[in-house]
Amino acid sequence: MTCKDVSTQEELDAALAAAECPHLKGTGYFVVTGSAQVTAYGSAQVRATAWVVTTVHGKRAKAIGGHVVALPEIKTVADWIEFYGVETEGVDGERVAYVFKAVNDEWKSGHDTAYKPGSTPEASDWDGGKDRCGGGLHFSPRPFMALSYNPDATKFVRCPVLVSELAVITDGADKVKGKRVVAPGCQEVDIDGNLLCDNDRSEP
């Protein structure tokens, strides 16, 4: 499914009619009806009818009406992996988790770290999870969730990381931070996390 930026109700309606995945940007007011799923981040406000179930992500987001479900406080990496259903597997005696970054055409994050396919970036400032922010590479449990931290991103990558080298960011539990990406390195995926072709080589 194609993800398209929209900033007006007219653009939103056109994207939905074309079966595209709309990415609502700006400070506009949008109306979504029917059988729809809306994901809101930051200081977004969602108004729902009594028959809509709304899950609130983060402390700044607000839901008005509907059946509101607030996320539980996630304190450990194990809780974070279980809650978001992050894929993990055992590799050479270590547990590896597959997490995601949203990057630009040059495979760089918003903080200019390169995540080229096949590469294994490592944080030079890794603090072992001591501080809430900074001190490592930040990852999201799903590609579309990574987009909220880099709205201008054009590509997504899946990153294998060691569970033992992850730390929960308590204020905004929809991301974790880690020390490095391990082999086989970053792989390009679509917004739904499906692997794309040409992932067997490192980009120049």
Side-chain angles (χ1 to χ4, degrees), residues 1 3 21 23 39 41-42 55 57-58 71-104 106-196 198-200 202-203:
M1 179 181 290
C3 189
C21 170
H23 176 213
T39 303
Y41 301 94
T55 303
H57 293 254
L71 292 186
E73 186 177 2
I74 299 174
K75 296 183 178 181
T76 69
V77 172
D79 288 344
W80 188 86
I81 288 173
E82 182 178 6
F83 181 82
Y84 287 108
V86 173
E87 179 187 354
T88 65
E89 67 174 336
V91 178
D92 296 330
E94 293 271 13
R95 191 175 178 210
V96 172
Y98 293 97
V99 289
F100 301 89
K101 289 293 291 188
V103 296
N104 63 20
E106 298 178 343
W107 305 100
K108 291 186 176 181
S109 69
H111 291 283
D112 215 33
T113 299
Y115 292 85
K116 297 177 182 178
S119 69
T120 53
E122 183 169 346
S124 60
D125 62 345
W126 173 239
D127 63 3
K130 177 181 177 182
D131 292 328
R132 181 187 65 81
C133 201
L137 305 177
H138 291 201
F139 302 101
S140 295
R142 297 286 183 272
F144 73 86
M145 298 176 80
L147 195 60
S148 69
Y149 295 100
N150 190 7
D152 296 322
T154 55
K155 301 175 184 289
F156 304 94
V157 289
R158 185 179 83 157
C159 305
V161 296
L162 296 180
V163 173
S164 61
E165 295 179 350
L166 286 177
V168 170
I169 298 174
T170 55
D171 185 11
D174 59 342
K175 65 176 180 176
V176 288
K177 65 179 184 178
K179 180 180 180 180
R180 56 182 171 149
V181 175
V182 298
C186 303
Q187 293 181 295
E188 186 179 13
V189 296
D190 62 20
I191 194 169
D192 296 313
N194 300 308
L195 289 171
L196 300 180
D198 294 331
N199 274 311
D200 295 330
S202 179
E203 292 284 336

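Because only heavy atoms are used, hydrogens play no part in the values below, and waters and symmetry mates are left out as well, while side chains stay in. Counting begins at 1 with the first residue of the sequence. As the structure is a computational prediction, the values presented were derived from the model and not from experiment.
Nearest heavy atoms, P160 versus A183: CG-O, 4.1 Å. Taking each heavy atom of S164 and E94 in turn, the nearest pair found is OG-OE1, 3.8 Å. Minimum interatomic distance between L196 and D190 (heavy atoms only, all atoms of both residues): CG-N, 4.0 Å. Between L147 and A153 the shortest heavy-atom distance is CD1-CB, 4.0 Å. Annotation for W126 and G136: closest pair CE3-CA, 3.9 Å, computed over non-hydrogen atoms. Nearest heavy atom pair, residue Y84 against residue I74, reads CE1-CD1, 4.1 Å.
To the nearest 0.5 Å, atoms CD (Q187) and CZ (F100) are separated by 10.0 Å. Remark: L166 CG to T76 OG1 distance equals 11.5 Å, nearest 0.5 Å. For the atom pair R158 CZ and N194 CG, the distance stands at 10.5 Å (nearest 0.5 Å). With rounding to the nearest 0.5 angstrom, the CZ atom of F139 is 5.0 Å from the SG atom of C159. T88 OG1 to E82 CD: the interatomic distance, rounded to the nearest 0.5 Å, is 11.0 Å. Atom CG of D174 sits about 3.0 Å away from atom OH of Y149, to the nearest 0.5 Å.
Annotation: side chain of K155 is not in contact with side chain of Y115 (no heavy-atom distance under 4.5 Å). Side-chain contact between D152 and N104 is absent, with no heavy atoms from C-beta onward closer than 4.5 Å. Counting heavy atoms from C-beta outward, P121 and C186 have side chains that approach closer than 4.5 Å. For the pair L162/V96, a side-chain contact is recorded, criterion being any heavy-atom separation below 4.5 Å from C-beta on. Within the 4.5 Å cutoff, the side chain of V99 has no heavy atoms near those of the P141 side chain.
For the side-chain hydrogen bond (donor to acceptor under 3.5 Å, both in side chains) criterion with H138, the lone passing option out of K177, H111, K101, K175 is K175.
More than 12 heavy atoms of other shown residues, nucleotides or ligands fall within 6.0 angstrom of atom CG in D125.
Looking at N150, its side chain does come within 3.5 Å of a backbone N or O of A102 through a donor-acceptor pair.
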